[in-house]
Amino acid sequence: LSHYLKSLHEVDAATILPYRINLAANLFPVLRRVHVIARMVPAVRSVTEDAEAKAEAFDALRSLLWRVGEQSPLIIFIDDTQWIDEDSVSLLNAVFFSDQRPNVMLIATERTSDRSTIGPAADRLAADQDQASKFETNLVIELEGLSNSDARQLIREVRGSDSAVD
């Protein structure tokens, strides 16, 4: 997101920035890489400790994603959601699982092969996603590891058919 915003002319970037973007930038410092955001006066309140400021930061991020998604296709990829924490679940609920979702494709992966590594926040996220299904179609694709023979075939195809595979 910050890379995309940096690629825009500063005037164009400024026109899509929502009110209270400084709160979102305090919560997500990578947004400060965008010059027009970096020049803004920092928020006075601590976002991480103040529930109201955090909610406003989440709202600003949702608004920013909405505005970017209206201009360009937007895909957000989150890997390894089995290790997600409660703050991240709250963010995902506020941004993606509300009736004011941005026009974004969210792709998230979760390893389910070792259920002992799944934390309680990941279980909550899965339950929240079930609730969110009333808003939009959720597609779950279960992938399994490659068999040894399929892995060898893939290596041969990538390296070339003459390569020896052990």
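Fair warning: this is a prediction, and the values are worked out from it, not measured in the lab. Nothing fancy with the numbering, it's 1 onward along the sequence.
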- request: Side-chain contact test, heavy atoms from C-beta onward, threshold under 4.5 Å: evaluate it for L5 versus V36 and give yes or no.
  value: no
message: Just so I know, are the side chains of I76 and F96 near enough to count as touching, which here means a heavy-atom distance under 4.5 Å?
response: yes
- prompt: Looking at T15 and R67, what are the two nearest heavy atoms and their distance?
  reply: O-NH1, 4.2 Å
- prompt: Do V34 and L17 come close enough that some side-chain heavy atom pair is under 4.5 Å?
  reply: no
query: Do L92 and I84 have side-chain heavy atoms sitting under 4.5 Å apart?
result: yes
message: I want to check something: taking the side chain as every heavy atom from C-beta on, are L146 and L154 in contact at a cut-off of under 4.5 Å?
response: yes
- prompt: Taking the side chain as C-beta and beyond, is there a heavy-atom pair between D59 and Y19 under 4.5 Å?
  reply: no
- prompt: So, the side chain of R62 versus the backbone of A94: is there a donor-acceptor pair under 3.5 Å, distance only?
  reply: yes
statement: Distance col, row K6:NZ vs S2:OG, nearest 0.5 angstrom, shows 6.5 Å
query: Does Y4 reach the side chain of S72, with side-chain heavy atoms less than 4.5 Å apart?
result: yes
statement: Between the CG atom in L8 and the CD atom in Q71, the distance rounded to the nearest 0.5 Å is 7.0 Å
query: Would D150 and S147 count as having a side-chain donor-acceptor pair, cut-off 3.5 Å?
result: yes
- line: Taken to the nearest 0.5 Å, the spacing of N26 CG from R20 CZ works out to 10.0 Å
message: Pairing donors with acceptors under 3.5 angstrom, does anything connect the side chains of D85 and S88?
response: yes
- line: Closest non-hydrogen atoms of S63 and P18, given as atom of the first, atom of the second and distance, are OG-CB, 3.3 Å
query: Is W66 reachable from L64 through a run of I, L, V, M, F, W or Y residues, each pair having side-chain heavy atoms under 4.5 Å apart?
result: no
task: Kindly indicate whether the side chain of L91, heavy atoms from C-beta on, has any atom under 4.5 Å from the side chain of F28.
output: yes
- request: Indicate the atoms forming the closest heavy-atom contact of R32 with A38, along with that distance.
  value: O-CB, 3.1 Å
Spacing of N22 atom CG and E56 atom CD [to the nearest 0.5 Å]: 9.5 Å
message: Quick check: closest heavy atoms across N103 and E70, and the distance to 0.1 Å?
response: CB-OE2, 3.9 Å
task: Identify which one of V95, V68, L74 satisfies the side chain to side chain contact (heavy atoms under 4.5 Å, CB included) criterion when paired with V104.
output: L74
query: For I75, which fellow cluster members are found when Ile, Leu, Val, Met, Phe, Trp and Tyr are connected by side-chain heavy-atom distances below 4.5 angstrom, either directly or through intermediates?
result: F77, M105, I107
task: Could you please spell out the steps behind the side-chain contact (heavy atoms from CB on, under 4.5 Å) verdict for L31 and L1?
output: CA-CA 8 Å; L31 290 173; L1 182 60; 4.2 Å; yes
- request: Report yes or no: do V30 and L27 belong to one cluster of Ile/Leu/Val/Met/Phe/Trp/Tyr joined by side chain heavy-atom distances under 4.5 Å?
  value: no
query: Salt bridge check: are R152 and E157 linked by an N-O gap of less than 4.0 Å?
result: no
